[in-house]
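A, B, ... follow the sequence lines: proteins, then strands. Residue 1 opens every chain.
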Amino acid sequence: MPEYNNDTFFDMVYQVVRLIPKGRVTSYGAIAKYLGASRSSRMVGWAMNNAHTLQDPVPAHRVVNRNGLLTGKAHFGAPDAMKNLLEKEGISVKEDQILDFKKIFWDPTEELEIT
DNA sequence: CGATTGACGTACG
DNA sequence: TCGTACGCCAATC
């Protein structure tokens, strides 16, 4: 059974992802950059992978790559699970590509201030 | 314990 | 503009 790995980076990723407002999305790199590890964007993806095992829900469907492409949709079980969740929040998705991505993009480095 | 992989992104040619 | 190479760190093989 998975425990709460409050190491730092991973847990911070989970927290930021949970802070993503409904109907908004962000990118792995944006989160990594917010954490001060812009070059560790891959770890954000790994965090999401581990997030699947967490007890607390993590809206990983609101996290996409820099292109606004649903690269992680394959990890949701169903091919359209991620797309369904996004559209359910009012986000338009076409061919695994988020429409108006630039518009609904939620940048933690701007929306959230580093305390 | 060494090599490979992974939900990415940037740099370089 | 497109394709390839590398970095980053942890988990898995």
Side-chain angles (χ1 to χ4, degrees):
Chain A
M1 39 170 30
E3 298 179 0
Y4 287 90
N5 297 335
N6 297 335
D7 288 298
T8 35
F9 190 85
F10 276 49
D11 193 46
M12 287 174 75
V13 172
Y14 304 138
Q15 290 189 39
V16 174
V17 174
R18 292 192 190 109
L19 290 174
I20 301 174
K22 180 183 176 184
R24 290 291 196 77
V25 294
T26 189
S27 64
Y28 304 94
I31 296 172
K33 189 172 185 177
Y34 172 71
L35 298 178
S38 58
R39 297 176 182 168
S40 302
S41 52
R42 288 177 113 173
M43 299 301 90
V44 180
W46 254 118
M48 294 293 98
N49 193 350
N50 198 25
H52 177 71
T53 66
L54 294 179
Q55 297 178 354
D56 291 343
V58 178
H61 60 277
R62 295 179 187 157
V63 184
V64 296
N65 68 345
R66 185 76 173 131
N67 298 313
L69 194 67
L70 278 58
T71 52
K73 71 161 193 170
H75 295 259
F76 281 77
D80 293 334
M82 190 171 184
K83 176 183 175 183
N84 203 331
L85 289 169
L86 291 172
E87 289 184 339
K88 194 174 183 181
E89 297 183 354
I91 301 174
S92 302
V93 179
K94 181 73 174 181
E95 297 290 316
D96 302 334
Q97 172 72 42
I98 295 178
L99 302 181
D100 299 328
F101 172 69
K102 189 175 181 182
K103 224 179 199 177
I104 64 178
F105 179 69
W106 183 79
D107 191 349
T109 60
E110 292 186 1
E111 300 296 335
L112 300 178
E113 291 186 5
I114 303 175
T115 53

Peer 1: Whole Å only: how far is the CH2 atom of A:Trp46 from the P atom of C:dA10?
Peer 2: 12 Å
Peer 1: Measure across A:Leu19 and A:Trp106 and return the closest heavy-atom pair with its distance rounded to 0.1 Å.
Peer 2: O-CZ2, 3.7 Å
Peer 1: Please confirm whether the backbone N or O of A:Pro21 pairs with a side-chain atom of A:Glu89, one donor and one acceptor, at under 3.5 Å?
Peer 2: no
Peer 1: Can you check the A:Asp11 CG to C:dA10 P distance for me, whole Å?
Peer 2: 15 Å
Peer 1: Using whole Å, what does the distance between atom P of nucleotide C:dT12 and atom NE2 of A:His52 come to?
Peer 2: 13 Å
Peer 1: Group every Ile, Leu, Val, Met, Phe, Trp and Tyr by side-chain heavy-atom contacts under 4.5 Å, then state whether A:Tyr28 and A:Trp46 land in the same group.
Peer 2: yes
Peer 1: Check whether A:Val16 and A:Val44 end up in the same hydrophobic cluster, where Ile, Leu, Val, Met, Phe, Trp and Tyr are linked by side-chain heavy atoms less than 4.5 Å apart.
Peer 2: yes
Peer 1: If a protein heavy atom is under 4.0 Å from the base, mark B; if only from the sugar-phosphate, S; if neither, -; do that for nucleotides 2-8 of chain C going 5' to 3'.
Peer 2: -----BB
Peer 1: Contact class for A:Asn49 vs. all strands (heavy atom < 4.0 Å): base, sugar-phosphate, or nothing?
Peer 2: base
Peer 1: Sequence neighbours excluded, which residues qualify as salt bridge (charged side-chain N to carboxylate O under 4.0 Å, His left out) partners of A:Lys33?
Peer 2: none
Peer 1: Provide the distance between the two C1' atoms, one in C:dC6 and one in B:dT4, to the nearest whole Å.
Peer 2: 16 Å
Peer 1: For the pair A:Asp80 (side chain) and A:Asn84 (backbone), establish whether a donor and an acceptor sit closer than 3.5 Å, ignoring hydrogens and angles.
Peer 2: no
Peer 1: Are A:Ile20 and A:Leu86 connected in the hydrophobic side-chain network, where two residues link if heavy atoms are under 4.5 Å apart?
Peer 2: no
Peer 1: From the 5' end of DNA chain B to its 3' end, which nucleotides mark the outer limits of contact with chain A, defined by a 4.0 Å heavy-atom distance cut-off (strictly under)?
Peer 2: B:dG6 to B:dG9
Peer 1: When you group the ILVMFWY residues by side-chain heavy-atom contacts below 4.5 Å and let the links chain together, are A:Phe105 and A:Met82 in the same group?
Peer 2: yes
